[in-house]
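Structure record follows, encoded as structure tokens.
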Amino acid sequence: MKVIKTNSYQETSQKAAEIVAEQIKSKPDSVLGLATGSSPIGMYDELVKMDLDFSKITSVNLDEYYGLAPENDQSYRYFMNEHLFDRVNIRKECTFVPDGLTADPEKHCAEYDQKIIDLGGIDLQVLGMGLNGHIGFNEPGESFPVGTHLVTLEESTIEANSRFFASKEEVPTQALSMGLKQIMNSRKIVLIVHGKAKEATLEKALNGPVTPHLPASILQLHPDVTVVCSFNE
Ligand code: GLP
């Protein structure tokens, strides 16, 4: 595992963007696994400035709130359009985000896993990490979730994500999340972590025991992870 500690969010975003840009340049038809949350926003801004060719890229997103329509400005589909897809020349039909309105989550999740297999797997997966060490929406628990699944969000995650909503009551209580199998099968991973509040959790995830109580710790078992982090606010 490679850990790049920088002095600012700006620098973290720049470094992460360089890794994604390198992937796009070396394999223009890459399958990118993409993440939402505040952590990758700066990286998306940098990627847009780099004027890369996304015309052959396919993307699969980690997760989506269950119950939110793509047009809802809190949905992760909306987030991706706003921060990246509408700003680069990616073909929208080649961007995949779990469907927050699916009537049959189990079937949809199985199809999402199959889609990733059909695409030949993920070349580079971008990850953020929640305050409780979750990746995607794989929350701490007794076992590592394997496939894409419907998750009931932890109270602490609802609390943490409520900053993006008008009130805590509006935060969906469930989400669809890629599982750890798809994440761990990615050929490369870049994990972006910013902020003092996450420093101790990241330290445990990288150097403590690999445990489902801290989902990000599983990344220790992946052969090609780069962590880009900064802890100053
Ligand atoms: C959300 C997302 C995760 C993200 C995490 C951290 O819950 N599902 O994919 O990594 O939050 O968010 P932030 O980067 O805003 O701290």
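We count ligands from 1, going down the list as the structure has it; atoms in each ligand are counted the same way.
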With a 4.0 Å cut-off on heavy atoms, is K198 in contact with ligand 1?
yes

Measuring from atom 12 (O) of ligand 1, which candidate in G37, A35, A197 has the nearest non-hydrogen atom?
G37

Considering only NZ, NE, NH1 and NH2 on the basic side and carboxylate oxygens on the acidic side, decide whether E199 and K196 come within less than 4.0 Å.
yes

Keeping N138 on the side-chain end and M178 on the backbone end, is there a donor-acceptor pair under 3.5 Å?
yes

Out of all atoms in ligand 1, which are within 4.0 Å of some heavy atom of R163? Include the element for each.
13 (P), 15 (O), 16 (O)

Testing the basics here: between Q125 and L34, what is the closest heavy-atom pair and its distance to 0.1 Å?
NE2-N, 3.7 Å

With a cut-off of 4.0 Å, which atoms of ligand 1 are near a heavy atom of G128?
10 (O)

For ligand 1, which part of N161 has a heavy atom less than 4.0 Å away: the side chain, the backbone, both, or neither?
side chain

Looking only at protein heavy atoms, what sits closest to atom 14 (O) of ligand 1 is S39 OG, 2.4 Å

Between the main-chain N or O of Y76 and the side-chain N or O of E64, is there a donor-acceptor pair closer than 3.5 Å?
yes

Looking at E71, is its backbone amide N or carbonyl O close enough to the side chain of S75 to form a donor-acceptor pair, meaning the two atoms are under 3.5 Å apart?
no

Quick check: G136 and ligand 1, any N/O pair under 3.5 Å apart?
yes

Consider every N or O of T36 and every N or O of ligand 1, then say whether any pair is closer than 3.5 Å.
no

Looking only at protein heavy atoms, which one is nearest to atom 13 (P) of ligand 1, and what is the separation?
S38 OG, 3.3 Å

